[in-house]
Amino acid sequence: MTTRSMSAVRRLLSGLTPRAHGVRCVSSASTSSQGRAPVRQLSCSHTLRRAEPPPTGPSSWSFRSHSCGELRSHHVGDTVTLCGWVQYLRQNLFVILRDFSGLTQILIPQEESAGHLKSVLYDLRTESVIKVTGTVRRRPAGQENKAMPTGEIEVLAENVEVFNVCRQLPFEIKDFVKKSESLRMQYRYLDLRSSQMQRNLRLRSQLVMKMREYLCNVHGFVDVETPTLFKRTPGGAKEFVVPSREPGRFFSLPQSPQQFKQLLMVAGIDRYFQMARCYRDEGSKPDRQPEFTQVDIEMSFVDQAGIMSLVEGLLQYSWPAENGPIKIPFQTMMYEEAMRDYGVDKPDTRFSMKLIDLSEVFLSTEIEFLRSALSHPGGSVQAICVPSGAKLFTGKELEELKQTAKTQFGQELSVVRVRADGTLKSPLKKLLSVSSTEELLSRTGAKPGDLLLMAAGSLHTVRMLLGSLRLQSAELLESHGVSLRDLSAFHFLWVVDFPLFLPKEDEPEQLESAHHPFTAPLPEHVELLYTEPHKVRGQHYDLVLNGCEVGGGSIRIHKASEQLHVLKNILKEDSSLLSHLLEALDSGAPPHGGIALGLDRLVSIMVRAPSIRDVIAFPKSFRGHDIMSRAPDFVSEEELKSYHISIRWPTERGGGGGGGGEEGK
């Protein structure tokens, strides 16, 4: 560097130096005894100091020094600050303070000098929000509470600040207090204060974080957000529509990001995932919501075994430690085997009670309804053996099983009880020969006290019926004290080799996708697509946990010509709706596949919740309504004008969107 250049640099630096040291930020050198975060200060000093490392943990940057659930005997003697809600006020001696982490007992000082402090605490209502500063003490001998994690200590209050006094609430925030579902939904912000809901949402958060870590950091996936406003998808579930300002044009809310994730593979993203919000206009059930979350995954250059191994690793990595380890690989079962043995494509493998084919036993029977069923193509006689069912089930419960068969499946159910002496109690007894009776007991393995549930008809209907009754019978046995299913166990199962197409219920001569129209056939079945599509098996795989489907995916069709044939010639769908996808597949699409895991359903099984509503912060009611905010709501005619929409009211118009009543069921 020349002398002139060096001089210029020195002048420039000397001119900048005073400005650089004019104002600085200094953090206090240490944290206070109450654990408060260092205070950021401004100083005019010219001396630069290195800031202290920022605080971490659940009390960082907070008014409190500790959470209510973390104090233990090693904190005795410490001065602490706690913030939370008043759970109880006991005998004007103690306040039980609660936050997300648990409970702490606050000791109210009884000295006359603490009169003002006592009066403030005495006047508190439950669920009021306060801050308490005091000293941690060991509880007197004999007064420890072993059922309480903080039960060895208490905090002697020295100062209290009341942030908010609570009104009279519609229910107490205590786990043992029973609330109706509709009341819980109406006051969801109160229901979420319960320890169970706090645990559920925090476990969900931890699970999602571990999943992100595994996918991004371990396997190089890219988290990509896809649009919520999209267009109608052919087939599948009913979609929510969103009006636009262009007359007659509507968006649809996506049932899943299926098309977008395939387009991302065409775009070369290679490995995609997101915690995707999805929408289906189907009302609500215990395990369904109109809006829900799925862990959406797609990969390029992968086969079915690769996706299944990825998901097994993902679940093993993110599985909560308190639920015990899960073993991989998971059991795999063919679709046909699941239907044959369990009558459903998502079997609960925690117990046996498999379906038994009795068609051969009754081939030459004189019993009219059995003979009639077997005379039709695809006719079958099937049964399940319910252990101790004859001994335990009441007449009313047996009648309920028959009603299920009749109302849900249009089938008659034959009930055969095996008496203690081994003889049968059933209207069929007189019509069965001795040899048929012996063969029936031998085939079913029925013992004295057992119950046989028999049905005859088309194989598909009979399997579905007995699959449903199998689960209903399991619940009845457990209600009678029989330990049939291990409620602490988690049985994962892959179901594979599904039919690619199924006959439509209302038009059996027409086919519809068993999964969705983008699923690829098995490589050896590709030619059948063009000749006998009803025989094609797909590269579709479902993940089942304790009898609930928690995930589903497939290897996709990646050739435009094949996809067009499926849409146009087999499903009879308007392929123009998917012209963008067909063009993309024709633009160099790699082989690809993926899966979507139902996050809400997965977490609900993990925490053993009766409904996925118990693991969603603000779920919809059974009718798909938000009872708390009274949504959906009415929109004025004036507001609808810009969307070119007018309402055609039914002859008898119902009232507004109030909450309560049957909504929460």
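Computed over heavy atoms, backbone and side chain alike; hydrogens, waters and symmetry mates excluded. Keep in mind it's a predicted model, so treat the numbers as computed, not measured.
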S.K.: Mind checking side-chain hydrogen bond (donor to acceptor under 3.5 Å, both in side chains) for S488 and listing every partner two or more places apart, or none if nothing turns up?
M.R.: D486
S.K.: Tell me, which pairs form a ring-ring contact (aromatic ring centres under 6.0 Å, His included) where one or both residues lie in residues 559-614, sequence neighbours left out?
M.R.: Y530-H565
S.K.: Looking at E573 and K568, is any side-chain nitrogen of the basic one under 4.0 Å from a carboxylate oxygen of the acidic one?
M.R.: no
S.K.: List for me each residue that meets salt bridge (charged side-chain N to carboxylate O under 4.0 Å, His left out) alongside R271, sequence neighbours excluded, and say none if there are none.
M.R.: none
S.K.: Given the ring of F240, does R280 sit roughly above its face, with NZ or CZ under 6.0 Å from the centre of the six-membered ring and within 45° of the axis?
M.R.: no
S.K.: Sort and list the pairs that fulfil side-chain hydrogen bond (donor to acceptor under 3.5 Å, both in side chains) and have at least one residue in residues 329-343, not counting sequence neighbours.
M.R.: E336-R463
S.K.: Could you give all pairs that pass the ring-ring contact (aromatic ring centres under 6.0 Å, His included) test and reach residues 531-562, with sequence neighbours left out?
M.R.: F498-H540, H515-H540
S.K.: Which pairs, with at least one residue in residues 196-230 and sequence neighbours excluded, count as a ring-ring contact (aromatic ring centres under 6.0 Å, His included)?
M.R.: Y214-H219, Y214-Y317, F230-F260
S.K.: Going by ring pair (Phe, Tyr, Trp, His ring centres under 6.0 Å), name the residues that satisfy it together with F301, two or more places apart in sequence or in a different chain.
M.R.: none
S.K.: According to the side-chain hydrogen bond (donor to acceptor under 3.5 Å, both in side chains) rule, which pairs have a member within residues 493-514, sequence neighbours left out?
M.R.: E312-W494
S.K.: Give a yes or no on whether a salt bridge exists between R288 and E282, defined as a side-chain N under 4.0 angstrom from a carboxylate O.
M.R.: yes
S.K.: Does F490 have any ring pair (Phe, Tyr, Trp, His ring centres under 6.0 Å) partners at least two apart in sequence or in another chain, and if so, which?
M.R.: W319
S.K.: Can you name the side-chain contact (heavy atoms from CB on, under 4.5 Å) partners of V526, sequence neighbours left out?
M.R.: P521, E562
S.K.: Both conditions, 6.0 Å and 45 degrees, for the charged tip of R199 above the ring of F100: are they met here?
M.R.: no
S.K.: For E532, what residues pass the salt bridge (charged side-chain N to carboxylate O under 4.0 Å, His left out) criterion, not counting sequence neighbours?
M.R.: K535
S.K.: Report the residues that fulfil side-chain hydrogen bond (donor to acceptor under 3.5 Å, both in side chains) with S479, sequence neighbours left out, ordered by chain and then residue number.
M.R.: none
